[in-house]
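Report on the following structure.
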Amino acid sequence: MESFDAIVIGAGVIGCSVAYHLARLGSKKVLVLERTQIGAGTSAQSSGILRTHYSVIENVRLAQASWAVFDDFANYLADEQASAGLVKCGYLIAAPEGPKLAPLRAALQAQREQGITVHYLGREEARERLPIARFDDAALIGHEPQAGFADAYLVATSFARAARRLGVKIDEGVAVEQLLIADGKVVGVQTSQGAVRAGTVISTQNIWSREIERWTGIACPVVAERHSVLALEGPEAYTFRMPVYKDLGSPGMFYCRSYGGSQMLVSEGIRGQILAQPDNEQGEISMDYMVEVGAQVAERFPSYATAGVASSWTGVYDVTPDWNPVLGRLPELPGLVVGYGFSGHGFKLSPAVGRMLAQCALGLATDVDIAPYALERFRTGGLLIGQYGLGAVS
């Protein structure tokens with residue numbers, strides 16, 4: 001039976017980041033097991049938006065550390081060919097008078113206290129940056145210039161290539177079927193191609209994380225939710241120079257960005273369709289949903305009242321009860337480290353989360369405190385509830 005220092009389950013953007021950071025931090029024998037292909041799961045469905053704006057301060061810290069990596073990606077990986085596909089267009093977020101106003105003001109101030117550049121814009125200033133939108137009802141507008149969007153698949157494969165260069169072995173088309181446990185500790189995994197031994201296993205299984213509960217009996221509070229994304233072709237181009245936009249005043253708290261340099265990519269930031277079983281296959285998008293989202297978009301972007309749907313797809317979130325991830329060791333089972341339940345935040349946080357989980361697996365102090373993300377919070381009531389309510393903006 002082959003032995004490794006650590007095994008990572010899942011080669012999405014989180015798993016590949018973990019593997020790279022394990023090797024970077026000195027782990028000599030690391031194995032990544034992926035049931036399909038690198039980055040082919042939910043990572044490939046990401047909208048790719050990068051921001052540090054959160055109402056949960058722990059998320060702000062992880063996003064801030066992650067942005068530093070995205071902003072210098074090739075140098076960080078020591079690979080001049082590595083690319084995150086980063087578009088630094090900035091991020092606008094606005095709220096009208098009402099229940100979202102105070103949370104937005106508090107979140108913007110918290111970002112500033114973390115040393116993040118945040119501007120408060122007037123309505124005309126916002127129009128200068130996003131001229132296809134109207135802001136006449138905005139009571140508060142925040143602008144984060146060091147934000148934008150990137151390509152999750154490129155990031156996952158770049159982390160994987162860098163990890164392999166450091167000696168990590170990545171086996172695609174190999175499914176993990178069971179954790180191997182002896183004397184109350186993890187000793188390896190059973191795969192579709194046989195058993196592999198390791199004293200540390202890091203699970204980054206995303207919507208398939210409920211397998212941890214089946215393997216160990218430890219409750220795993222995560223459900224799979226399908227979310228729909230539309231690409232709209234309007235009479236006015238949504239260019240790469242225009243910022244990502246988050247509309248806290250709309251019923252679905254929709255977000256949008258440039259797509260292809262002229263179209264608008266748009267989706268809602270609230271609950272999606274809960275799936276009985278994890279499934280990242282493409283789902284159907286109803287005409288009613290398209291009409292509902294289109295009406296919200298037209299309210300903010302008047303010319304898009306006549307926009308057509310150029311394309312559409314679905315993506316699946318691994319959602320926890322408070323819409324924030326579970327990170328770290330599970331005290332009940334030494335040797336097991338988990339990272340799941342990202343609830344739509346995974347790509348944004350992937351560089352920092354990968355490093356923190358690697359540090360945790362190696363018994364090192366983490367650069368950012370991940371104790372608030374422990375599974376125990378769902379037993380003790382210490383939930384990480386965002387001030388905007390449950391949803392992907394958190």
Not counting sequence neighbours, list each pair that qualifies as a salt bridge (Lys or Arg N to Asp or Glu O under 4.0 Å) and has a residue in residues 17-34. none
Could you list the residues that satisfy ring-ring contact (aromatic ring centres under 6.0 Å, His included) with Phe135, not counting sequence neighbours? Tyr245
What's the verdict on side chain to side chain contact (heavy atoms under 4.5 Å, CB included) for Leu62 and Met356, showing C-alpha distance, side-chain angles and the deciding distance? CA-CA 9 Å; Leu62 288 177; Met356 304 312 135; 4.1 Å; yes
Measure the spacing between CD1 of Ile14 and CD1 of Ile202 and express it to the nearest 0.5 Å. 13.0 Å
OG1 on Thr200 to CD1 on Ile7, rounded to 0.5 Å: 9.5 Å
Please, which pairs that meet ring-ring contact (aromatic ring centres under 6.0 Å, His included) have at least one residue in residues 256-279, sequence neighbours excluded? Tyr259-Trp313
Counting C-beta onward and ignoring hydrogens, is there a side-chain heavy-atom pair between Asn280 and Arg226 closer than 4.5 Å? no
Is it the case that one hydrophobic cluster holds both Leu179 and Leu330, taking links as side-chain heavy atoms less than 4.5 Å apart, direct or via other members? yes
Salt bridge (Lys or Arg N to Asp or Glu O under 4.0 Å) contacts in which one or both residues fall within residues 295-312, not counting sequence neighbours: Arg134-Glu299, Asp137-Arg300, Asp247-Arg300
For residues Thr52 and Arg61, determine if any side-chain heavy atom of one lies less than 4.5 Å from a side-chain heavy atom of the other. no
Among side-chain atoms of Ser203 and Gln205, is any donor-acceptor pair under 3.5 angstrom? yes
Within a strict 4.5 Å, meaning less than it, do heavy atoms of the Val223 and Leu275 side chains meet? no
Less than 4.5 Å apart, any side-chain heavy atom of Phe347 and any of Phe70? yes
Between atom CG of Asp279 and atom CD of Gln282, what is the distance when rounded to the nearest 0.5 Å? 10.0 Å
Sorted by first residue and then second, give each ring-ring contact (aromatic ring centres under 6.0 Å, His included) pair with at least one member in residues 207-227; sequence neighbours left out. His227-Tyr317
Going by atom types only, do Glu144 and Gln111 share a side-chain donor-acceptor pair under 3.5 Å? yes
Quick one: closest heavy-atom pair of Val13 and Ala152, and the distance? CG2-O, 4.2 Å
Considering all heavy atoms of both residues, which atom of Phe240 and which atom of Cys89 are nearest to each other, and what is their separation? O-CB, 3.3 Å
Return each pair, listed once, that meets salt bridge (Lys or Arg N to Asp or Glu O under 4.0 Å) where at least one residue sits in residues 208-224; pairs must be two or more places apart or across chains. Arg35-Glu211, Arg210-Glu213
Side-chain heavy atoms under 4.5 angstrom apart, residues restricted to Ile, Leu, Val, Met, Phe, Trp, Tyr: same cluster for Leu108 and Leu130? no
Please indicate whether Glu376 has more than 12 foreign heavy atoms, meaning atoms of other residues, nucleotides or ligands, lying under 6.0 Å from its CD. yes
Give me the atom names and distance for the closest heavy-atom approach of Ser343 to Thr320. OG-N, 3.4 Å
Please check if any side-chain donor atom of Asn206 sits under 3.5 Å from a side-chain acceptor atom of Thr42, or the reverse. yes
Between Thr204 and Gly339 (side chain of the first, backbone of the second, donor and acceptor by atom type, cut-off under 3.5 Å), is there such a pair? no
Reported CG-to-CH2 distance for the pair Leu383 and Trp323, which is rounded to 0.5 angstrom: 15.0 Å
Pairwise side chain to side chain donor-acceptor pair (under 3.5 Å) hits with a residue in residues 149-172, at least two apart: Asp79-Arg161
Work out which heavy atom in Gly184 is nearest to a heavy atom in Pro334; give both atom names and the distance. O-CD, 3.3 Å
Taking the side chain as everything from C-beta on, heavy atoms only, tell me whether Val309 gets closer than 4.5 Å to Leu232. yes
Separation of Leu230 CG from Ser312 OG (nearest 0.5 Å): 6.0 Å
Give a yes or no answer on whether the side chain of Ser55 reaches the backbone of Gly386 with a donor-acceptor pair at less than 3.5 Å. no
Are the side chain of Ser267 and the backbone of Ser228 linked by a donor-acceptor contact shorter than 3.5 Å? yes
Test log, rule side-chain hydrogen bond (donor to acceptor under 3.5 Å, both in side chains), inputs Glu233 and Gln263: CA-CA 5 Å; Glu233 185 79 55; Gln263 296 175 357; 2.8 Å; yes
Heavy-atom donor-acceptor pair, Ser66 side chain to Leu349 backbone, under 3.5 Å: yes
For side chain to side chain contact (heavy atoms under 4.5 Å, CB included), just list the numbers for Met264 and Cys256, CA-CA rounded to whole Å, side-chain angles, deciding distance to a tenth of an Å, and then say yes or no. CA-CA 6 Å; Met264 173 193 290; Cys256 56; 3.7 Å; yes
Is any side-chain heavy atom of Phe378 closer than 4.5 Å to a side-chain heavy atom of Leu375? yes
Under 3.5 Å: donor-acceptor pair, side chain of Arg127, backbone of Ala133: yes
How would you list all residue pairs meeting salt bridge (Lys or Arg N to Asp or Glu O under 4.0 Å) that involve residues 324-339, not counting sequence neighbours? Glu332-Arg379
When you measure from the side chain of Ser27 to the backbone of Ala23, do you find a donor-acceptor pair of N or O atoms at a distance under 3.5 Å? no
Taking Met253's backbone N and O only, do any of them form a donor-acceptor pair with Lys246's side chain (distance below 3.5 Å, no angle check)? yes
Show me the pairs that pass side chain to side chain donor-acceptor pair (under 3.5 Å) and involve residues 355-374, at least two apart or across chains. Asn59-Tyr373, Arg355-Asp367, Gln359-Asp367
With sequence neighbours left out, what residues match Phe73 under ring-ring contact (aromatic ring centres under 6.0 Å, His included)? Phe159
Any heavy-atom pair between the side chains of Gln64 and Gln114 that's under 4.5 Å? yes
Any side-chain heavy atom of Val189 within less than 4.5 Å of one from Phe4? no
Tyr304/Ile132 under side chain to side chain contact (heavy atoms under 4.5 Å, CB included): CA gap, chis, key distance, verdict: CA-CA 9 Å; Tyr304 275 68; Ile132 59 177; 4.2 Å; yes
Between atom CD of Glu58 and atom CG of Leu327, what is the distance when rounded to the nearest 0.5 Å? 11.0 Å
For residues 76-123, pull every pair meeting ring-ring contact (aromatic ring centres under 6.0 Å, His included), keeping only residues two or more places apart or in separate chains. His21-Tyr76, His119-His143
Test Ser47 against Tyr255 for side chain to side chain contact (heavy atoms under 4.5 Å, CB included), laying out the working first. CA-CA 10 Å; Ser47 295; Tyr255 62 85; 3.1 Å; yes
Distance-only donor-acceptor hits, side chain of residues 96-106, under 3.5 Å, sequence neighbours excluded:
none

Side-chain donor/acceptor of Tyr238 to backbone N/O of Pro243, under 3.5 Å: yes
If two hydrophobic side chains count as joined below 4.5 Å and joins carry through other members, does Leu180 share a cluster with Val337? no
Measure across Gly328 and Ile370 and return the closest heavy-atom pair with its distance rounded to 0.1 Å. CA-CD1, 4.2 Å
Closest non-hydrogen atoms of Gln296 and Phe254, given as atom of the first, atom of the second and distance, are O-CE2, 3.6 Å
